[in-house]
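A quick note: this is a predicted structure, and the numbers were derived from the prediction, not measured. Each ligand, and each atom within it, is numbered from 1 in the order the structure gives. The chain is numbered in sequence order, starting from 1.
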Amino acid sequence: MDALRRKSSTYFGSLLTQRWSRRDFVATSSVAMAVAGTLPSIASASAPSRSATRTFRAVGPTRADEILLSPGLRHDVLIGWGDPLFDNVKGLSAKDIRSLAWLDEQAAARQEKQFGTNNDAIAFFATPGKRNAGVLCVNHEYVSTELTFAGLSGDSAERSRNRENWIRSHPHAVAWMQATHGVSVLNIDRGLRGWQVVRSGAATRRITANTPMQIMGPARGDLLMRTTADPTGTLALGTFANCAGGKTPWGTYLTAEENIQDYFGGARSWATSSDDDLTKLAHQRWPLRERSAYGWEILDARFDVRREPREPLRHGWIVEIDPTNPASAPKKRTALGRFCHEGANTILTRDGRVAAYMGDDARFEYVYKFVTRDRFDPKNRAANLDLLDHGTLYVARFDAEGRGEWLPLVYDEKGPLNRRSGFRNQADIVIKCRAAADLLGATPMDRPEDVEPSPLTGRVYMALTKNGDREFRLGDFNGRDVDFSPNLANPRPKNDFGHIVELVEEGDDAASTRFSWNVFLLAGDPRNTQARFLTRAEDALPGQLQREDTFYAGYGDRAQVSPIACPDNLGFDATGRLWIVTDADEELIGNNGCFVVPTTGPDRGLLKQVMSAPVGSEVCGCEFTPDGTTLFLSIQHPGEGGTIENPASHWPDGRGLPARSAIIAVSRDDGSPLWRGILAPEFLRA
Ligand code: FEO
Ligand code: CA
Ligand code: CA
Ligand code: CA
């Protein structure tokens, strides 16, 4: 191991000095993989011929209201909002939602046994020893009210003005909305007709905004976690705003609580009348509003900050769910910090501990990493179940010259985070995580969404989805002074198209506190010949870039790559290619979709669109079965921009019906692994 490490350090040392040379990068990448012992064994089994690249046909950009796929791929709709998860439960159909008759006093109870709205992250857990059975965990992030409740205006200002009247005249709506949030856990199996839901399967359950869950880690029991209903600060109710997620090496699901600020009301009137400075300080860097987005506070005191000012602090965490044990309570892992969590993607460190990479999806927020104190034990699952309660949380600082450092968010009398700087203990640091990260000098990024390590190379890819406010000026933003100016890691002004940064941990070890990095992708439309298509990373410099300029990891031919906007969720296939799904304004390029790009070898940066999604939807998920023959994708909020009465999309039910969010299973016509024939992986033979 030591010899390997020395070689590996030498390699990365030379990488740092030569980081701008694509030829060197490509030439040495296979060396790095060989040194790390990570050359994929699947190489010979799945490598298609070079001619596959030439014959491959990308899709899009389109504005078609359907799922379009590259030739050779097909899809099935697996499950959508309202479909029953249990036997003897009535489903809610696209026809039903054309009126509000379904929103009766039993609506919440029914929804607790149905698939929720706005599916986001997907995790697949294969049943041990079986290729054709497994469990899916799926997030239900929020309710698009205008696509759910018949009669609501498509104008959000008008909906906001009428919210209180509407909530009071539809008294079952709040309980129903709480029941549709959270997570669905469901058994699926694959037969002649593809993947099907197994109703009332052994793992099946719904976790909602009211499900009891344990508060674990440093914030457990802290003053700021205590409420009227839970004076011990140990037992929270529910999870909501569940955006992306991740999996642990021991087979549990991590769901990420993101925009929880949309769920609480009364914050301004509370702040002007309360002298609870401790709680006010805790909310400072994650401000709440006077009126929530959904009006739950009108009927449920738990969401009224005037009644329960500390309840919001019990949300905004990573929550761990054991899909193998439906009776187990989900656990909020407070050691991983509190912020707008997009997801948490794990990989083992060289000494067998676990690192989780995480983004805080808001403008000018940060990228984080958590490294466990203890090692993963592959032979003893039970011993791993609370690994995420102890370890070190870091935030990233991206320096000039492509270096960077992970800064520890640790309470230390001799360090920068302690009573003198405004933190009582480690609980205070994880609860006020953003404020602690500010003090350490972390780099404000362009909305960090998925941060995903490649299981083959260990390199980490972070989707910086967009930031239209990136411009040359200083300002005040969400309770702090921010330099809005482009920086090396966020180099483009008015970054409406987003970008991806690639990070290499020093010593090829996820436990390292130092790293090197480079811009991997500046998204946009390379067909726009008025804009530059950069082929050298050293040209991607702040002050020299325009909004429309693009860079595809050094790939040299703009005619060969697909346009792409606003990367959001990321995934890897077993050959190490990066899969990207998008969440962009359709005006930018066209409908959102799914894309694939090699990260090593001569085709590094040859990005192709393989799927285009229905009108108004974003695509989330991006989860493969272990055999690579199925890719699950989440189609979230199809029809956004329309209403129930005037649908902008009729997907997936067609026949003029309103749209429903749903999950699709993508496969190849011949049933072989999905990546076959899509792009030629020369890097596998390098
Ligand atoms: Fe819910 Fe960051 O997207
Ligand atoms: Ca997302
Ligand atoms: Ca992902
Ligand atoms: Ca997004």
Report yes if the distance between the aromatic ring centroids of H315 and F240 is under 6.0 Å, otherwise no.
yes
By atom name, which N, O or S atom of D361 is the nearest to atom 2 (Fe) of ligand 1?
OD2
Looking at E449, the N/O/S atom that lies nearest to atom 2 (Fe) of ligand 1 is called OE1
Which salt bridge (charged side-chain N to carboxylate O under 4.0 Å, His left out) pairs, counting each pair once, include a residue from residues 252-266, with sequence neighbours left out?
E257-K332, D262-R289
For residues 613-623, which residue pairs qualify under salt bridge (charged side-chain N to carboxylate O under 4.0 Å, His left out), counting only residues two or more places apart or in two chains?
K247-E623
For the Ca ion (ligand 4), protein N, O or S atoms at a distance below 3.0 Å amount to 3
For D549, what residues pass the side chain to side chain contact (heavy atoms under 4.5 Å, CB included) criterion, not counting sequence neighbours?
A531, R532, L545, Q546
Atom 2 (Fe) of ligand 1: angle it makes with OE1 (E342) and OE2 (E258), nearest 10 degrees
90°
Any side-chain donor-acceptor pair under 3.5 Å between W579 and E452?
no
Please confirm whether the ring centroid of F515 lies under 6.0 Å from the ring centroid of W406.
yes
For residues F115 and H140, establish whether the separation of their ring centroids is below 6.0 Å.
yes
